Amino acid sequence: MSENVVHLHKHTDPPADGTAPTVLTVVPEAPPARPVPLWVRSGRAVKTAVTHERTLSAGRSAVRHSLYTFNGGRIVARRAWDGRTGSRYERMIRAAEAAGNLEAAEEWEERLQRFRAARHHRRMDLLHSPGAAAKGVAVGAGMSIGVLVALGIVMALNTGHVGDVITPLSATIDFIALLIRIVQIVWGPALTIGPFLALLALWSVGRKQQAAPNWALPANVRTGEGEPITPSIVVKALRDLGVPALRNAIKEMGDAGASMLGPITIAGCGVEVDVTLPSGVSTNEVQNKRRKLAENLTRHEHEVFITIPQAARTVRLWIADSGALDEPIGPSPLVTDDTMTADYAKGKAPWGQDLRGDAASLSLYQRHLLITGLSNQGKTVALRSLALWLSLDRSVQFLMGDLKGVGDWAMFGGLATTLIQGPTDEHVIQVTEMVEGAVAEMNRRIQAPPGTVFPPLIVLVDEAQVAFMCPAKGTGKDKRPYGGSKADSRYFMAVRKIHNQGRAVNVLMWQGTQDPTNENLPKLVREGAHTRASLALGTESQARMALGDKAVDGGAAPNLLRPGLDRGTLVVASDGITIPAGQSSITVRTHYIDDDAAEAITDRAKALRDGVTTLHTIERGEEHDPLADIAAVIGDAPRVRTKDVLARLATRNPGAYGGWSFLDLKRVLDDVGAEPYKSDGVMVVARDRVARALANRDDEGSASAE
């Protein structure tokens with residue numbers, strides 16, 4: 001035990017000359033560094049050695065070559081067994097029956113019968129072979145001795161020596177003795193080396209077949225290419241899934257599990273097969289082991305989808321061709337066909353392709369829409385492509401709020417009646433008042449005479465979580481918050497009102513939001529959407545928020561999509577898209593439409609219309625000029641239907657015009673001589689009449705001022 005060493009110095013008496021005494025202090029020496037215990041150094045060394053790349057490589061190499069030898073023995077034994085028995089034919093028969101190919105099954109059965117007949121004849125021949133072999137040996141030996149003796153007689157006659165008669169026979173005996181001596185010398189080393197040669201042969205067989213786990217193979221040998229899917233591979237993958245009841249049931253089946261499988265059919269860029277599970281095995285036991293099942297099928301997890309069809313105790317497996325889901329699906333028909341138009345009521349928007357490779361189209365007729373997912377996964381592009389298609393129907397009106405504000409929706413200027421772009425609280429206030437204006441228009445339509453047909457009004461809010469999370473509150477007497485999920489939230493209540501009654505009068509709410517939670521996407525709002533779609537998400541709980549419990553329990557798993565790699569791939573739960581019978585959702589790989597292509601599509605949409613004046617702010621305040629506002633909402637169009645004028649006025653200033661009817665509009669226009677009139681059977685307001693009335697009013701105002 002070491003101790004600190006200190007030097008002690010006492011104060012000395014003052015010197016005689018009067019100078020200051022020297023003061024000495026105590027100076028401790030620094031303690032010596034403690035040595036690191038041996039066990040700590042040993043542990044660090046062991047940890048470093050275990051995690052070192054060379055150690056890992058050596059471990060993989062040892063496992064690889066050991067399994068080469070072991071599995072090589074299994075392969076040789078299997079080949080020997082197949083050669084001696086009819087197991088190969090029986091496997092082919094079961095596979096043909098599982099695939100529903102009865103002709104191939106009959107052919108393999110005939111081959112099996114011929115093999116068994118030939119084997120029976122060989123065994124019967126073996127019963128008589130010992131006697132025949134003995135007779136053959138005796139006859140052969142006698143003939144050989146006779147030939148050798150005859151050869152010796154010839155040699156004796158030639159040389160004149162009688163002893164040469166046995167010379168060939170003795171030479172043969174000496175040769176046989178030499179062979180025996182050689183065998184005696186070689187036999188010992190052969191017994192020692194033989195097992196090693198046998199192991200080397202088994203190792204060579206295993207190496208050629210790469211009979212080792214993928215992780216143990218060399219880096220230049222490992223591959224992501226999966227094997228073709230066959231019935232035996234599917235059954236083996238299910239058997240090795242780690243479900244004891246399933247494994248035991250497959251072992252007890254006489255057909256080795258082939259009866260569980262339906263036909264394996266080509267489905268787009270993969271194959272599809274229905275698996276009827278044995279009694280005692282539930283479908284969720286297979287669903288919960290998706291990753292292990294995919295690896296057993298030599299696929300990645302994202303390349304295997306498990307859904308639940310209508311049949312009881314059945315799971316439907318869709319298995320992609322290896323790497324197929326990483327390839328693009330091609331451009332949208334909206335881009336390639338510049339003559340395409342849309343029909344809101346009867347048409348379907350071309351959205352992308354399903355996993356089978358078939359076109360996936362979505363009906364938007366009277367359906368509220370919600371698209372959610374993590375950031376930068378293609379949510380805005382997926383939502384925008386639907387709006388681009390619908391813009392090609394000239395009867396559709398748009399109110400748009402982009403709370404990201406980076407120009408993703410800028411091409412809808414001149415198409416949308418209102419387009420608000422920006423992420424601030426002021427933009428949220430503007431968007432909230434825009435949605436409240438849509439509520440006022442919805443109420444006006446509800447009060448219209450029965451049978452009145454209204455044009456579709458799409459209220460679209462991208463990045464809606466910004467609105468729900470906005471902390472701003474009203475000023476003056478109205479202190480209600482704009483955001484939140486309570487009954488006093490203005491945005492929340494406006495969306496709920498449209499969800500409750502808007503569908504009946506073609507006022508529809510579309511929302512896109514990120515990373516759904518109860519705070520940024522309230523339960524009542526997400527459940528009010530008829531079409532719910534989700535891109536990649538982080539957790540299963542988020543998937544349930546996005547799509548609902550029914551879709552997730554039925555196999556929908558957007559949380560298993562790969563963020564970044566599966567960008568643009570979404571899971572859809574809706575009755576507006578064709579979903580295979582018995583399933584509650586479908587996976588769609590959407591077409592990517594970039595900004596330039598989107599602008600080209602909106603240019604075509606603008607050419608179909610008379611011209612739309614897009615408002616980028618919502619006017620607030622009590623002062624307003626009805627005639628000037630009417631002129632502003634008409635814009636450059638020569639005439640606009642009266643109901644469209646009313647809708648645009650309500651959007652422009654909900655407080656002033658939200659409750660207007662046709663009589664209110666007619667009263668204002670009649671007073672200035674710009675009354676509405678019928679054109680092609682519908683009431684319209686003429687731009688020229690309103691402009692003339694404004695000019696006359698301004699002239700009269702100037703004259704009176706003079």
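These figures come from a predicted structure and were not determined experimentally.
Here the CD1 atom belonging to I577 is positioned 10.5 Å from the OG atom belonging to S363, to the nearest 0.5 angstrom. Between the CZ atom in R299 and the CD1 atom in I229 there is a gap of 4.0 Å [rounded to 0.5 Å]. To the nearest 0.5 Å, the span separating OH on Y344 from CG on L390 amounts to 8.0 Å. Atom CG in D343 sits 11.0 Å away from atom CG in L364 (nearest 0.5 Å). Taking CD of Q430 as the reference point, atom CD1 of I420 lies at 5.0 Å (rounded to 0.5 Å). Considering CG of L524 and CZ of R496, their distance stands at 4.5 Å, rounded to 0.5 Å.
Ion pairing of E527 with R532 is absent here, as no side-chain N (NZ or NE/NH1/NH2) approaches a carboxylate O to less than 4.0 Å. The pair K292-E295 does not count as a salt bridge, with every side-chain nitrogen at least 4.0 angstrom from each carboxylate oxygen. The pair E540-R544 counts as a salt bridge, with a side-chain nitrogen and a carboxylate oxygen less than 4.0 angstrom apart.
Taking the ring axis of Y365 as reference, the NZ or CZ atom of R503 does not stay both within 45° of it and closer than 6.0 Å to the ring centre.
A donor-acceptor distance shorter than 3.5 angstrom exists from the side chain of W318 to the backbone of A267, with no hydrogens or angles considered. Without hydrogens or angle criteria, R609 side chain to D393 main chain gives a donor-acceptor distance under 3.5 Å. At least one donor-acceptor pair under 3.5 Å links the side chain of R290 to the backbone N or O of E301. Using a distance-only test at 3.5 Å, with no hydrogens or angles considered, a donor-acceptor pair links the side chain of S489 to the main chain of G483. At least one donor-acceptor pair closer than 3.5 Å links the side chain of T614 to the backbone N or O of G414. The closest donor-acceptor contact from the side chain of H530 to the backbone of H368 lies under 3.5 Å.
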Query raised in the report: Does the side chain to side chain contact (heavy atoms under 4.5 Å, CB included) test come out yes or no for I306 and L317, once each step is laid out?
Result: CA-CA 5 Å; I306 305 173; L317 306 180; 3.9 Å; yes
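Put simply, the side chain of Q511 reaches to within 4.5 Å of the side chain of V525, judged on heavy atoms. Under the 4.5 Å side-chain criterion, counting only non-hydrogen atoms from C-beta, N376 is not in contact with L374. Using a 4.5 Å cut-off on side-chain heavy atoms (C-beta onward), P333 and H591 make contact. In this structure the side chain of K606 reaches within 4.5 angstrom of the side chain of L415, judged on heavy atoms. When side chains are defined from C-beta on, T569 counts as touching T587, because their heavy atoms get closer than 4.5 Å. Proximity of D644 to P455: side-chain heavy atoms (C-beta onward) are separated by under 4.5 Å at one or more points.
Under the salt bridge (Lys or Arg N to Asp or Glu O under 4.0 Å) rule, R384 has a single partner from D595, D462, D594, which is D595. Partner L460 forms a side chain to side chain contact (heavy atoms under 4.5 Å, CB included) with one of L383, D402, L369 and no other, that one being L383. Screening L293, I233, V243 against L238 for a side chain to side chain contact (heavy atoms under 4.5 Å, CB included) leaves a single residue, L293.
Atom CG of D338 is surrounded by more than 12 heavy atoms from other residues, nucleotides or ligands within 6.0 Å.
Ring pair Y491/F468 is perpendicular by interplanar angle, where above 60° counts as perpendicular and below 30° as parallel.
At a cut-off of 3.5 Å, with distance as the only test, a side-chain donor of N506 or Q366 sits close to an acceptor on the other residue. A donor-acceptor pair shorter than 3.5 Å cannot be found between the side chains of D515 and Q465.
Closest approach of K404 and T380 over heavy atoms only: NZ-OG1, 3.7 Å.
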